[in-house]
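A note on names: the letters A, B, ... follow the listed sequences, proteins ahead of strands, and every chain is numbered from 1.
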Protein chains: 2
Amino acid sequence: MPDEFLLDEQACFALYAASRAVTDAYRPLLGELGLTYPQYLVLLVLWESDARPVKEIGEALHLDYGTLSPLLKRLEANGLVTRARLPEDERTVVVSLTEEGRSTRTRAAGVPSAIGCALGLDDATRRDLIATLRRLTASATAYTHGGPDAQP
Amino acid sequence: MPDEFLLDEQACFALYAASRAVTDAYRPLLGELGLTYPQYLVLLVLWESDARPVKEIGEALHLDYGTLSPLLKRLEANGLVTRARLPEDERTVVVSLTEEGRSTRTRAAGVPSAIGCALGLDDATRRDLIATLRRLTASATAYTHGGPDAQP
DNA sequence: TTCCGATACCTTGCGCACGATGTAATCGTG
DNA sequence: CACGATTACATCGTGCGCAAGGTATCGGAA
C-alpha cells in the first residue's frame, strides 16, 4: 500500500522547502541593501507603480495589514518610503518611495540575474513552473476561502 | 525593454505565494488536530520512523535547532512527543512519539486527500512539479552555501 | 441629520525561521 | 591523560505571517 501520507504531502513539502531555499538565496544579496525579501517585494510593487495605498500593496503580495503595517513602518524608519493619509479619505494610507527608495532600484540591479543563476532553470521550465504555481495558488486559495462549496 | 525585475522575480514570488496558499489550505484541517504545518511535518517524519534525534529531523525538514527546539518543546507540552537524552551520548536528544502522537496519525487520515483536492493537480503535473522544485531547491542551496565557487 | 454598517488601517499575541551566541558532552591528537 | 576542537542542542533577538480585536473614517438609509 503506497503510504497515503507520502504523495501530495511531497508536493507540499517540496514547495515549502523550495520557497525557503530561494529566500535563503536572496538573503545575502538583499542583506547588503539592508532589505528582507518581503521588504524587497514591497519595493518591487512600488518601483512598478509608486504612491499606492496599503490595501493595493497587500492585494498585490497577498499580505494582510498585520504583516504590512509593521513592515512598512520599518521601511519608513529606514528612509525608503513615506506614509501619508489621503486628504480626501483619511482612512487610506498612501505609501510612496523616497529618493533613497527609488535609487535602491539601481543598487539592486544585479539581484535578478544573480537569482536567475541561483535557480538554475531554463526558460521553458521556469515558465512552466510559474504557470503551475499560479494554478496551484488559485486552486488552494479557492479551496481555503469559499471552501469546496464557495460563495462571495 | 522587458523589465528585469519582472522575470525571475515572478518565479520567486509565485513560489512564495504558492507556499503560503498551501499552508493556508492546511491550517483549518490541522487546526482541528491542534497542529501547525511545521509541527505536522515533524509528525510525518516520526510516523515514518520513530525515535529520532533532533539532528535527523532537522536534516529531513531542512530546519535548524533554533526553529526545532521550541517547536519540539511545544509538541512535548501538547503530549504528542517525548524528548530524552541518549545515555551513550548525553549530547543527543531523541524525540519519540507518545501514544497520543501515534494515534494522531489516524485522526489525520483525511488530511492528505483533502490537500490533494485543494491543490487540484493531475498526477503528471504534480510529479513534474515535485521534480522541478527539488532541482530548484538543490540549485539554490548550492548557490547559497558554497556560493558560486563552493568549498566544503 | 442621525445612525448603522462597511472600509482602511493599526495593534497584539503566537508560532515559525534564521543568525548569533552559549553550554555541555564527546572526540581526536599529542 | 590532557586539552583543544567538534558535535548536539538550547537560547535570544529580529522579522515575518496570520488571527483576533480595536479605532477612526466614510457612505448610505431612515
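One interatomic measurement links the two molecules: CZ of B/R20 to P of D/dA19, which rounds to 11 Å at whole-angstrom precision. Put simply, CZ on A/R91 is 6 Å from C1' on C/dA8, counting in whole angstrom units. Look at CG on A/L72: it is 16 Å from P on C/dA8, rounded to the nearest Å. When the P atom of D/dC9 is taken as reference, atom OH of B/Y65 falls 4 Å away, rounded to whole Å. Rounded to a whole Å, the CG atom of B/N78 is 13 Å from the C1' atom of C/dC14. Distance A/D89 CG to D/dT23 P: 20 Å, rounded to the nearest Å. For B/K73 and C/dC16, the NZ to P distance is 14 Å, given to the nearest whole Å. A straight line from CG of A/L63 to P of C/dC10 spans 14 Å, rounded to a whole angstrom.
Taking 4.0 angstrom as the limit, B/Y16 places a side-chain polar atom (N or O) nearer than this to OP1 or OP2 of D/dG17. For the OP1/OP2 pair of D/dG17 and a distance below 4.0 Å, the side-chain nitrogens and oxygens of A/T67 include no atom meeting the criterion. Neither OP1 nor OP2 of C/dA24 sits under 4.0 Å from any side-chain N or O of B/R85. The phosphate of D/dC16 (OP1 or OP2) has a side-chain N or O of A/R74 nearer than 4.0 angstrom.
Among the heavy atoms of the strands lying under 4.0 Å from B/D64 is at least one base atom, whether or not backbone atoms are also near. B/L68 comes within 4.0 angstrom of no nucleic acid atom, judged by non-hydrogen atoms across all strands. Counting non-hydrogen atoms under 4.0 angstrom, A/S69 reaches a base of the nucleic acid.
Residue-to-nucleotide proximity on DNA chain D shows that, of A/L86 and A/L71, the 5′-proximal contact is made by A/L71. The residue among A/V54 and A/R27 whose nearest nucleotide of DNA chain C is located toward the 5' end is A/V54. Where B/K55 and A/P70 meet DNA chain D, the nucleotide closest to each residue was compared, and B/K55 sits on the side nearer the 5' end.
Classification of the B/H62-A/F13 ring pair by plane angle, with boundaries at 30° and 60°, yields tilted.
Of the residues in residues 30-41 of chain A, none lies under 4.0 Å from DNA chain C by heavy-atom distance.
Minimum atom distance to the side chain of B/D24 is reached by D/dC18, of the listed C/dA8, D/dC18, D/dC9.
Annotation: B/E32, atom CD; neighbour count of heavy atoms from other residues, nucleotides and ligands within 6.0 Å does not exceed 12.
We find that A/E76 and A/K73 are not joined by a salt bridge, their nearest charged nitrogen and carboxylate oxygen being 4.0 Å or further apart.
A/L63 places none of its side-chain heavy atoms less than 4.5 Å from the side chain of A/I57.
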Stepwise side chain to side chain contact (heavy atoms under 4.5 Å, CB included) check, A/D123 with A/R126: CA-CA 5 Å; A/D123 241 53; A/R126 195 186 54 199; 3.2 Å; yes
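Between A/C12 and B/L119, the shortest heavy-atom distance links the atoms SG-CD1, 4.0 Å. Scanning both residues, A/L80 and A/L43, for their nearest heavy atoms gives CD1-CD1, 4.3 Å.
In terms of hydrophobic clustering, with Ile, Leu, Val, Met, Phe, Trp and Tyr side chains grouped at heavy-atom distances under 4.5 Å, A/L35 and A/V45 are assigned to a common cluster.
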